[in-house]
Amino acid sequence: MEQQRGSRSFPERKGQKRKLEEGPPAEDPQISSSTTTDAAPHAALLSEVAAQVSVLNSAFSWKESDRAAAKRAAQVLAELAKNDDLVSVIVDGGAVPALTTHLQPPPYCEGDLAHKPFEHEVEKGSAFALGLLAIKPEYQNLIVDKGALPHLVDLLKRSKDSSTSRALNSVIRRAADAITNLAHENSSIKTRVRLEGGIPPLVELLEYSDSKVQRAAAGALRTLAFKNDDNKNLIVECNALPTLILMLGSEDAAIHYEAVGVIGNLVHSSPNIKKEVISSGALQPVIGLLSSCCPESQREAALLLGQFASTDSDCKVHIVQRGAVRPLIEMLQSADVQLKEMSAFALGRLAQDSHNQAGIAHSGGLEPLLKLLSSRNGSLQHNAAFALYGLADNEDNVSGFIRVGGVQKLQDEEFIVQATKDCVSKTLKRLEEKIHGRVLRHLLYQMRISEKSIQRRVALALAHFCSPEDQRTVFIDENGICLLTGLELLLGLLGSTNTKQQLDGAAALYRLANKSMALSPVDAAPPSPTQRVYLGEQYVNSATLSDVTFLVEGRRFYAHRICLLASSDAFRAMFDGGYREKDARDIEIPNIKWEVFELMMRFIYTGSVDITIEISQDLLRAADQYLLEGLKRLCEYTIAQDITLENIGSMYDLSEAFHAMSLRQACILFILEHFEKLSSMHGQNELVQRTIPEIREYFCRALTKSTTNLQSLRL
């Protein structure tokens, strides 16, 4: 099965919005949270925004007073923009064009100071404020349409023109963050960033001396690469891969998190880039991130390895050989749901290679994957199910599945989506197909020597999975006795005081019954001692050639001795024995209703009869009394169709009273099939315990017969 590739693609990776959580520089204490208080009247807020916009519009010069005023106005607007509820007020107040203007330096005029006051500071504040406004998707295009992008790209390039300073680092970082937020899930802006030349400087900034700038540049590239093939290709063409791969080994968690995110978005749905990334040496650093102290990097690394593993079989093997399995298995046991989801995804991809399957299971992957099936997270549950499907493909894992209770887990769990249900069904089928030869011998060995709980798990699994020809070997011994065999283990579960064990035992026995070729609710009637003679419908209650008359409820029924003699031992004893009826012309039949007797005689004369539910039990008594086995079986079959949860006890008593074997077997199958409902009904548990000896005898008899039938078919 292809990774459920038709029904499930790679987990989606998205570009990341920069949170821009840092506040204004500490050296400007005048800006405080009071500026953004919710208690401020709306009019006052509008007035505040208008005042700051007015300052920006009038202070676009190199005068120190103007620069100081513009810096503070940008910071005030940024503080306000941190409150999502105020963003629309800021935008409506005309802040976007004013802030955009201050992304660039003012024109230098004669008489301006030789030094540039607050160099980079105003641009940084403006980029910061616009980046916060861009978090709202509805304002992304507005900001770009006002001309922000070219200025932001120019800010990225300042690293080439100025000596490094804290202010320079900050303005570059704020520009990269603003680009990240503008392009977030906006395909047209991603394209415009590329067309404005924004990608090459971002790639260059990956090697910048300031780690925060590196992180911001990587974050922007990550967003620009998401679902944009042209951007991906340009990033690779700008030789970003070597630096990104080096960043994977950074001690700064924030840097390697962004780096692995960029690489992940580059390789997503891009096979050629994926191959180039692998050939550039990314594999081992990514595997190293699985042991990172940063859960976000671990998650991204696991997802990336899952994507690498889809390349080819060799890559799957190389990932395992380089030590990815154990940390991935450890991640399965994390409290972080996304971490578990991504590690299960990666293991599922790795498990599609036969060389890896046994290794993953041997390293302890089975149990944590099985536990994840209980998750109420649909993606996590599905990833775990798919990984287990891969592991089930290896014969060496079958015993492990069964020993840890995997079969019961797969059967009992509730799955959220249909794709997961289908995957689990195929996993169970895959396990079933492997229960033969050395796998079966190993399981039989485990059933003999393991502790009781494992013996029971093996017996339960084999009841569901072993083939009909192996059933006798598994469940009864050579002499047809079930002691110390799989059948006795299943009966032990059925007789347990533990409800779950009872349910498991009943389900397994019912499955075993259905798989046995010899089992049927109604067996064929045994052969008659003599060849039957059917006189035909025209002689039923006909005086023509009649030589005996029965008196039933005061009415005469004409019959023929030759037909009755051939029908059963009871009539032969009546007419050939020493009974007084031997020579009697009229024979009285007590305790049988006319319609019952008529149906019985019709069967004797024709070999068939239509039996209704209403008359079936009375007719069964008559058939049993007169030893009409064929009619008795027809009655049992009809009665069996009427078994319900309410009458199962009386039906089982009826089968015992008349030694109605087919009806008893039908009752047993009904009890096993509906065990869960019966177990919750008052008094029914006693019925189950009472039937266990008969269930044992039934299966011993049926499994022996099944094997004999199979052998005769082969001959």
Side-chain angles (χ1 to χ4, degrees), residues 361-362 364-371 373-374 388 391-392 395-413 428 431-432 434-436 438-467 470-513 515-516 668 671-672 675-676 678-679 685-686 688-700 702-703:
H362 181 71
L366 274 174
E367 288 191 82
L369 285 169
L370 286 165
K371 287 180 181 178
L373 296 180
S374 299
L388 290 166
L391 299 183
E395 287 188 349
D396 294 331
N397 292 341
V398 175
S399 176
F401 259 97
I402 293 172
R403 284 178 61 87
V404 300
V407 172
Q408 284 72 49
K409 189 74 172 176
L410 290 166
Q411 291 172 330
D412 295 345
E413 200 58 67
L428 290 169
L431 290 170
E432 181 177 9
K434 290 174 172 51
I435 306 294
H436 58 80
R438 71 180 180 91
V439 174
L440 179 59
R441 290 193 296 273
H442 186 212
L443 290 172
L444 291 175
Y445 176 74
Q446 292 291 333
M447 197 165 64
R448 290 195 302 271
I449 60 93
S450 298
E451 61 184 65
K452 197 61 171 283
S453 62
I454 293 177
Q455 288 181 325
R456 287 171 171 170
R457 288 172 181 170
V458 174
L460 288 169
L462 290 177
H464 288 277
F465 291 157
C466 78
S467 63
D470 291 324
Q471 286 178 337
R472 177 168 179 169
T473 302
V474 174
F475 293 103
I476 59 177
D477 66 14
E478 294 179 357
N479 300 313
I481 301 173
C482 66
L483 295 177
L484 303 178
T485 64
L487 183 55
E488 195 62 31
L489 289 167
L490 297 180
L491 291 170
L493 289 172
L494 196 62
S496 167
T497 56
N498 181 292
T499 303
K500 179 64 168 65
Q501 290 184 352
Q502 290 180 329
L503 293 173
D504 287 343
L509 287 165
Y510 184 70
R511 171 69 169 166
L512 183 63
K515 291 189 74 170
S516 174
I668 289 171
I671 290 170
L672 295 176
F675 188 87
E676 184 172 5
L678 283 170
S679 62
N685 192 53
E686 291 78 3
V688 172
Q689 300 307 314
R690 182 159 60 95
T691 60
I692 287 179
E694 179 59 34
I695 293 174
R696 177 186 288 108
E697 181 182 343
Y698 164 69
F699 275 101
C700 288
L703 293 175

Ignoring hydrogens, what is the shortest heavy-atom contact between Gly400 and Leu366? Give both atom names and the distance.
C-CD1, 3.7 Å
Within-4.5 Å side-chain heavy-atom neighbours: Phe699 and Leu490:
no
Lys/Arg N to Asp/Glu carboxylate O, Lys500 vs Asp412, below 4.0 Å:
yes
What pair of heavy atoms forms the shortest contact from His442 to Ser399, and how long is it?
CE1-OG, 3.3 Å
Minimum side-chain heavy-atom gap Ser679-Val688 below 4.5 Å:
no
Work out which heavy atom in Leu431 is nearest to a heavy atom in Ala392; give both atom names and the distance.
CD2-CB, 3.8 Å
For a side chain to side chain contact (heavy atoms under 4.5 Å, CB included) check, start with the C-alpha distance between Leu440 and Val474, then their side-chain angles and the critical distance, and finish with the verdict.
CA-CA 9 Å; Leu440 179 59; Val474 174; 4.1 Å; yes
Let me confirm one number: the CZ-CD distance from Arg403 to Glu367, rounded to the nearest 0.5 Å.
10.0 Å
Inter-residue atom distance Leu678.CG - Leu672.CG, 0.5 Å rounding:
10.0 Å
Please report the C-alpha distance between Ser467 and Asp470 in whole Å, then the side-chain angles of each, then the deciding distance to 0.1 Å, and finally whether the side-chain hydrogen bond (donor to acceptor under 3.5 Å, both in side chains) criterion is met.
CA-CA 5 Å; Ser467 63; Asp470 291 324; 3.0 Å; yes
Hey, what do you get for CG (Leu428) to CG (Leu410), rounding to the nearest 0.5 Å?
5.0 Å
What I want to find out is whether Arg438 reaches Asp396 closely enough, with some N-O distance under 4.0 Å, to be called a salt bridge.
yes
Taken to the nearest 0.5 Å, the spacing of Leu494 CG from Ile692 CD1 works out to 4.5 Å
Neighbour count above 12 (heavy atom, 6.0 Å) for Lys371 NZ
no
Any side-chain to backbone donor/acceptor pair from Gln502 onto Ser496? Under 3.5 Å, distance only.
yes
Here the pair of heavy atoms bringing Met447 nearest to Gln455 is O-NE2, 2.8 Å
Do you know the tightest heavy-atom contact between Cys466 and Gln471?
SG-CG, 3.7 Å
Can you tell me how far the CG atom of Leu388 sits from the CZ atom of Phe401, to the nearest 0.5 Å?
4.5 Å
NZ/Lys409 to CG/Leu369 distance, rounded to the nearest 0.5 angstrom?
12.0 Å
Just one of Leu509, Leu493, Leu489 clears the side-chain contact (heavy atoms from CB on, under 4.5 Å) bar with Leu460, so which one?
Leu493
If you count the non-hydrogen atoms of other residues, nucleotides and ligands that lie under 6.0 Å from CD in Gln689, is the total more than 12?
yes
State, to 0.1 Å, how close Ala459 and Gly486 come at their nearest heavy-atom pair, and which atoms those are.
CB-O, 3.9 Å
